[in-house]
Amino acid sequence: MLNIVLFGPPGAGKGTQSVHLVESYGLIHLSTGDIFRANIKGNTELGQMAQSYMDKGQLVPDDVTIRMLESEVNKHPEAKGFIFDGFPRTTAQAEALDVFLDARSTPVTCMLALEVEEAELKARLLARAETSGRPDDSNPTVIQKRIDVYNAETAPVAGHYALQGKFTGIDGIGTIEEILDRLKVAIAH
Ligand code: AMP
């Protein structure tokens, strides 16, 4: 099993790189943001609840998010591995993921953290808003809130994996191909 936590702030390129990593390694891509957005589109109870947080740039509560992620993993018993994109976003989520994957004897292989400076993130998110249709990309106040939440609540998750010797920082500036090559080098190590 190859279980990759693809990490980084909003706009770092996690979704873009996930598509390429799926192609290269045949992994299942689980993006908690995508799953929440699909639930909003489908007007489910989960979607309605998640939307109230997402619209403000806040995190959806851990218990709901963890339960949802675990049920998504359980849908793929034949998977060769997973790319976790946008999860874990809190230390509590990281700890829950460890317990859950350890019970399946398929622990996280590595955390690959895409590193991009804040001014570039903001520019990318505003540019993405033109095509993504995501309300949380088009509002500078919400973008700032997402970055602040990342710095306060999510960035510490890197330390969780560093302690396990699983953390690798990846320069997230460059062409899609250049960044993909850096990720592949890190995966091969
Ligand atoms: P993303 O698509 O990863 O940028 O996520 C969009 C929004 O979905 C975030 O701003 C959060 O409101 C919510 N979200 C996605 N993943 C998580 C998570 N692991 N924990 C809590 N909230 C999340």
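If you read the sequence from its start, that first residue is 1, and numbering goes on from there. Heavy-atom basis, side chains included; hydrogens, waters and symmetry copies ignored. All figures in this text were calculated on a predicted structure; none of them were measured in a lab.
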Using the side-chain contact (heavy atoms from CB on, under 4.5 Å) rule, take Leu114 and Leu183 through it: C-alpha gap first, then chi angles, then the decisive distance, then the call.
CA-CA 9 Å; Leu114 292 168; Leu183 290 167; 4.2 Å; yes
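- Nearest heavy atom pair, residue Ile40 against residue Gly47, reads CG1-O, 3.4 Å.
- Considering all non-hydrogen atoms of both residues, Val5 and Pro88 come closest at CG1-CD, 3.8 Å.
- Residues Val22 and Ile4 share a single hydrophobic cluster, defined by chaining ILVMFWY side chains whose heavy atoms lie under 4.5 Å apart.
- Neither Leu30 nor Ile83 shares a network with the other; the hydrophobic side chains, linked directly or stepwise wherever heavy atoms of I, L, V, M, F, W or Y lie under 4.5 Å apart, form separate groups for each.
- Under the 3.5 Å distance criterion, the side-chain polar atoms of Lys14 are matched with a main-chain donor or acceptor of Gly8.
- Counting only heavy atoms from C-beta outward, the side chains of Gln17 and Leu112 never approach each other to under 4.5 Å.
- Taken to the nearest 0.5 Å, the CD atom of Glu70 stands 8.5 Å off from the CG atom of Leu101.
- Between Lys145 and Asp148 no salt bridge is recorded (no basic side-chain N to carboxylate O distance below 4.0 Å).
- Interatomic distance, Asp62 CG to Glu153 CD, rounded to the nearest 0.5 Å: 8.0 Å.
- Residues Pro10 and Arg146 share a closest heavy-atom pair of CB-NH2, 3.8 Å.
- Note on Leu69 and Tyr161: same hydrophobic cluster, where clusters join Ile, Leu, Val, Met, Phe, Trp and Tyr whose side-chain heavy atoms are under 4.5 Å apart, directly or indirectly.
- Here the OG atom belonging to Ser71 is positioned 13.0 Å from the CD1 atom belonging to Ile66, to the nearest 0.5 angstrom.
- Taking the side chain as every heavy atom from C-beta outward, Asn151 and Glu118 approach each other to under 4.5 Å.
- Taken from CD in Gln144 to NZ in Lys122, the straight-line distance is 4.0 Å, to the nearest 0.5 Å.
- By the 4.5 Å heavy-atom criterion applied to side chains, Arg37 and Lys41 are not counted as neighbours.
- Of all heavy-atom pairs spanning Ile28 and Ala79, the tightest one is CG1-CB, 3.7 Å.
- Of the inter-residue distances, the one linking Leu27 atom CG with Leu2 atom CG reads 5.0 Å to the nearest 0.5 angstrom.
- Within a 6.0 Å sphere centred on CD of Glu45, other residues, nucleotides and ligands contribute 12 heavy atoms or fewer.
- A donor-acceptor pair shorter than 3.5 Å can be found between the side chains of Asp98 and His160.
- Ring planes of Phe7 and Tyr150: tilted class, angle from 30 to 60°.
- You'll find the side chain of Val116 reaches within 4.5 Å of the side chain of Ile173, heavy atoms only.
- Linking Ile, Leu, Val, Met, Phe, Trp and Tyr residues whenever their side-chain heavy atoms come within less than 4.5 Å places Phe100 and Met1 in a single cluster.
- In this structure the side chain of Ile187 reaches within 4.5 angstrom of the side chain of Tyr25, judged on heavy atoms.
- Using a 4.5 Å heavy-atom cutoff, the side chains of Leu59 and Thr65 are not in contact.
- Judged purely by atom type and a 3.5 angstrom limit, Glu178 uses its side chain to pair as donor or acceptor with the backbone of Thr175.
- By the criterion of side-chain heavy atoms lying less than 4.5 angstrom apart, applied directly or through intervening Ile, Leu, Val, Met, Phe, Trp or Tyr residues, Met54 is grouped together with Val64 in one hydrophobic cluster.
- Side-chain contact between Leu180 and Leu21 is present, with at least one heavy-atom pair separated by less than 4.5 Å.
- A heavy-atom distance below 4.5 Å is found between the side chains of Glu72 and Lys75.
- A distance of 8.0 Å separates CG in Leu126 from CG in Asp137, rounded to the nearest 0.5 Å.
- The main-chain N or O of Gly11 is never found under 3.5 Å from a side-chain atom of Arg128 such that the two would form a donor-acceptor pair.
- Minimum interatomic distance between Phe36 and Ala50 (heavy atoms only, all atoms of both residues): CD2-CB, 3.6 Å.
- Within the 3.5 Å criterion, the main-chain N or O of Thr106 finds a donor-acceptor partner in the side chain of Asn3.
- Ring orientation note: the planes of Phe84 and Phe87 are tilted relative to one another, at an angle of 30° to 60°.
- Across every non-hydrogen atom of Met68 and Ile35, the tightest pair is SD-CG2, 3.5 Å.
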